[in-house]
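If you read the sequence from its start, that first residue is 1, and numbering goes on from there.
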Amino acid sequence: MTETAADRLRIDKWLWHARFFKSRTLAAKRVTAGGLRINRKLINKPNHPVQTGDVLTFTTGPRVRVLKIAALGERRGPAPEARLLYEDLTPLPAPSEGKAPSEQAPSREPGAGRPTKKDRRAVERLKQDGDWS
């Protein structure tokens with residue numbers, strides 16, 4: 001069985017179709033910058049062809065994504081249609097790991113940091129009632 005041009009698609013175009021990047025130019029820049037692997041082989045050319053069954057590995061923010069190409073797609077469609085183009089093989093984080101520090105909501109210990117307006121008023125009352133010199 002021979003491969004035709006319809007059986008392959010440029011990696012930058014596929015990443016754009018699958019909605020991992022807002023534009024094809026951004027996808028091409030990301031591929032050129034490195035850090036994208038196809039079937040464990042490092043790729044740095046945006047015109048590298050991909051086909052159904054290839055496994056992509058790349059980072060998006062703090063996450064490492066592992067995807068198996070399920071279809072090539074003919075256009076950049078809506079998000080539900082784009083999700084049909086790949087199978088997500090990204091391993092789930094272990095429950096003991098929890099969230100990454102960058103994903104946690106900021107918090108502070110009670111009494112730490114700058115005093116609140118209520119705290120400031122309490123200090124002012126103490127200063128007026130007591131002999132603070």
Compare all side-chain heavy atoms of [X] with those of [Y] and state whether any distance is below 4.5 angstrom.
{"X": "Arg30", "Y": "Leu15", "answer": "no"}
{"X": "Ile11", "Y": "Pro49", "answer": "no"}
{"X": "Ile38", "Y": "His48", "answer": "yes"}
{"X": "Thr90", "Y": "Arg63", "answer": "yes"}

Joint cluster assignment, [X] & [Y], ILVMFWY side-chain distance < 4.5 Å:
{"X": "Leu84", "Y": "Val55", "result": "no"}
{"X": "Leu26", "Y": "Leu36", "result": "yes"}
{"X": "Ile43", "Y": "Trp16", "result": "no"}

- Please determine if Asp88 and Arg65 form a salt bridge, counting it only when a charged side-chain N lies under 4.0 Å from a carboxylate O. yes
- Query: Is the shortest side-chain N to carboxylate O distance from Glu81 to Arg76 below 4.0 Å?
  - Reply: no
- Query: Do Thr59 side-chain atoms and Val64 backbone N/O form a donor-acceptor pair below 3.5 Å?
  - Reply: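 No.
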- Between Trp14 and Ala71, is there a donor-acceptor pair closer than 3.5 Å when you use the side chain of the first and the backbone of the second?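 Here the side-chain-to-backbone pair exists.
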- Note on the structure: Minimal heavy-atom distance between Leu42 and Arg37, with the atoms involved, is N-NH1, 3.9 Å
- Message: Pairing donors with acceptors under 3.5 angstrom, does anything connect the side chains of Thr116 and Arg121?
- Response: no
- Item | Aromatic ring pairing Phe58/Phe20, orientation class (parallel under 30°, perpendicular over 60°, tilted between) | perpendicular
Taking atom [atom1] of [X] and atom [atom2] of [Y], what is their separation to the nearest 0.5 Å?
{"X": "Thr52", "Y": "Lys68", "atom1": "OG1", "atom2": "NZ", "result": "10.0 Å"}
{"X": "Gln51", "Y": "Asp7", "atom1": "CD", "atom2": "CG", "result": "7.5 Å"}
{"X": "Leu72", "Y": "Arg8", "atom1": "CG", "atom2": "CZ", "result": "10.0 Å"}
{"X": "Arg125", "Y": "Gln128", "atom1": "CZ", "atom2": "CD", "result": "9.0 Å"}
{"X": "Leu9", "Y": "Glu74", "atom1": "CG", "atom2": "CD", "result": "10.5 Å"}

- Query: Could you go step by step and tell me if Leu85 and Ile69 meet the side-chain contact (heavy atoms from CB on, under 4.5 Å) rule?
  - Reply: CA-CA 6 Å; Leu85 298 179; Ile69 298 176; over 6 Å; no
